[in-house]
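Worksheet for the structure shown next.
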Amino acid sequence: TEADVISTVEFNQTGDLLATGDKGGRVVIFQRETESKGESEELGESGEYNVYSTFQSHEPDFDYLKSLEIEEKINKIRWLPQQNAARFLLSTNDKTIKLWKVSERDKRPEGYNLKDEEGRIKDISTVTSLRVPVLKPTDLMVEVRPRRIFANGHTYHVNSISVNSDGETYLSADDLRVNMWHLDITDRSFNIVDIKPANMEDLTEVITAAEFHPQHCHLFVYSSSKGTLRLCDMRDSALCDKHSKIFEEPEDPGNRSFFSEIISSVSDVKFSHSGRYLLTRDYLTVKVWDLNMEKGPVGTYQVHEYLRSKLCSLYENDCIFDKFECVWNSTDSVIMTGAYNSFFRMFDRETGRGVTLEAWRESSKPRAVLRTRRIYTGGRRRRGDVGVDSLDFTKKILHMAWHPA
Amino acid sequence: MFSKGTKRKFSDGDEEISAESLVGARVASSYSLQRQSLLDMSLIKLQLCHMLVEPNLCRSVLIANTVRQIQEEMTHDGSWHMVTEAFCNPGQSPSERLVATEVLCRSREQDAEPKLFSVISYEGCREEEVVADETLCSVSVSDTVSDVCLAGRMGQCWEKSELSGVERDEEALEDSSLGSGEDEEIDTEDEASTKSPKTTGQVFGTFEIKNGSPGPDSALEELFSDVDTSYYDLDTMLTGMQSAPKMGPYDLLDSLAPSHSSPTIVSTPKCRSDLNELDHIMEIIVGS
């Protein structure tokens, strides 16, 4: 059903938990199966994940002032670094961000004096002796409780959240503003970027994604619908409307069309784990940028260049506005992004080579190797090649996460 | 693809055209046909963004930018000029005309369909008929009106999302002025021609005049800044009006797709007085 459509995925820092958010406002957390081999328990190599917990994160809401519905769809989930036995994650819909505490309980106290096993109050007269309740192991229970609700911070739709390396703050970005919150404070946030023009008629550019630097807690980047990236330093000023660096690739005059701007719009931006590079996704390519070089990307990878001649139809059916995500692997040596027809692409940064893989439901065996696919764009056609016109544009891989291992 | 109103016309006339120039003409006309259909498509997309859920701002901005781009190109290569020239004073420079102008002029021929200002005013109906007036197509008027309309449209779309009780900044003033516009309009219309552009700015809400500092009634606007004018939106929607007030240049749609046009629901006498009022205002604007 429509409500089950997954709208975001995110591994936690160790990779043993995978959280997914869907259009119905639910979050499902999967946990990696561990196998015990012999006497000692080893981390399972099976790569299977089972449902760990499910909870309703956001409910549909209604903005009475504007007479508009607020969708409960989960736009993003981000895990907080683990500090104790409990785990925390942030989930957001268009307007409200929530902090959830996920904790396990596998023991329960038994032997109360005043309550019986079912919890009913005992008749005092039947109590003849005192005893100390003891903790007994029980079946594992996963409890998820909302700990913070960060509401009323955004007029526009929240597209990104990013936890700061300081472990205390996080940012949330909507179409026109970026706010910084403290994880413990819900009644106010700092506005650090505001690109709303004084006159809304002058609006020509929106924020599409934002992320904190993985190591430097004062740096963050945000991308725009015009294909620019702005790196901001929060030490410069309270309001970071002026960027420290702006990354922009000059337009290729040969490829200019009415769709140039739309396909240059950045749909996702990710820092590399090293913090040295940025990965961006626009409609037809993924690009790697070096933070030290603003004038252009250091690498451009064609995701589905064969769609360039189809831009008009893709504009008509709105596919041109699809927002694909992109990810680095843990060593920053491979980058990955999604495409249509259930295909996704991986690029090796060293060789520059790309491969197309299909997310095929039928191969449900764990650790099955996905088959590589090819799009037929001319020349010799091999068996198994898929023609451009037979691509299924309703099967799009928009969201992705790479296991941290 | 949407093909309304874009019939292929072979360049008839000169029989002695060489094959090359014919091909060239075909290529050129097919390009402009494509461009036109792209424009139509974009406008319809903008119109369709009214729904129960707030439209995607990024998508709307990108589509609006595309429309602007097409308009600019059409203006530069004269296609815009040719269209509007037939109806308006040829002395006008093409670059001053925007989308709305064309509609303004075309609307004369059609049957007083509510257009242009349907967006600017949340009250809807009243101001729409104004467009149909011939005088609006006269040189002096069309410029600024088109500025108003295009700007007004664009503003409305973004503004919808801006209406929030939490925010009471400038932008809300623009919307609120619409809610309070009714009162102010009557005032402005009755007054003599010594109106300042700023006050008329209130009438049109999101007016694009560059000297757009808040008028003397900004305090009044502040009071109304939290008026829920979105109600009026629903109102216009429910009364079957063309409610795409979210986006700027969708007014072109009216001429392209007659089926989308909303029926005239205001009686003619009222229409007449509105026309006079708007006339008045236009003179003032142009005069300044």
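The figures that follow rest on heavy atoms only: side chains count, while hydrogens, waters and symmetry mates do not. A, B, ... follow the sequence lines: proteins, then strands. Residue 1 opens every chain. Everything numeric here is computed off the predicted structure, so don't read it as measured data.
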- Message: Angle between ring planes, His304(A) versus Phe324(A), binned at 30° and 60°: parallel, tilted or perpendicular?
- Response: perpendicular

- Query: At what distance, to the nearest 0.5 angstrom, does CD of Glu71(A) lie from CG of Asn93(A)?
  - Reply: 9.0 Å

- Message: Under the rule for salt bridge (charged side-chain N to carboxylate O under 4.0 Å, His left out), what residues qualify as partners of Asp175(A), not counting sequence neighbours?
- Response: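 If we apply the salt bridge (charged side-chain N to carboxylate O under 4.0 Å, His left out) test to Asp175(A), skipping adjacent residues, there are no hits.
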
- Lys287(A) meets the salt bridge (charged side-chain N to carboxylate O under 4.0 Å, His left out) criterion, sequence neighbours left out, with Glu249(A), Asp282(A)

Given that the side chain runs from C-beta out, which part of [X] has a heavy atom under 4.5 Å from chain B: side chain, backbone, both or neither?
X         : result
Ser225(A) : both
Tyr315(A) : both
Leu176(A) : side chain
Phe321(A) : side chain
Thr208(A) : side chain
Asp318(A) : both
Ser257(A) : backbone

- Item | Backbone of His58(A) reached by a side-chain donor or acceptor of Lys98(A) within 3.5 Å |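 Pair absent, no side-chain N/O of Lys98(A) close to backbone of His58(A).
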
- Item | Full working for side chain to side chain contact (heavy atoms under 4.5 Å, CB included) between Arg35(B) and Leu38(B) | CA-CA 5 Å; Arg35(B) 183 175 61 185; Leu38(B) 183 62; 5.5 Å; no

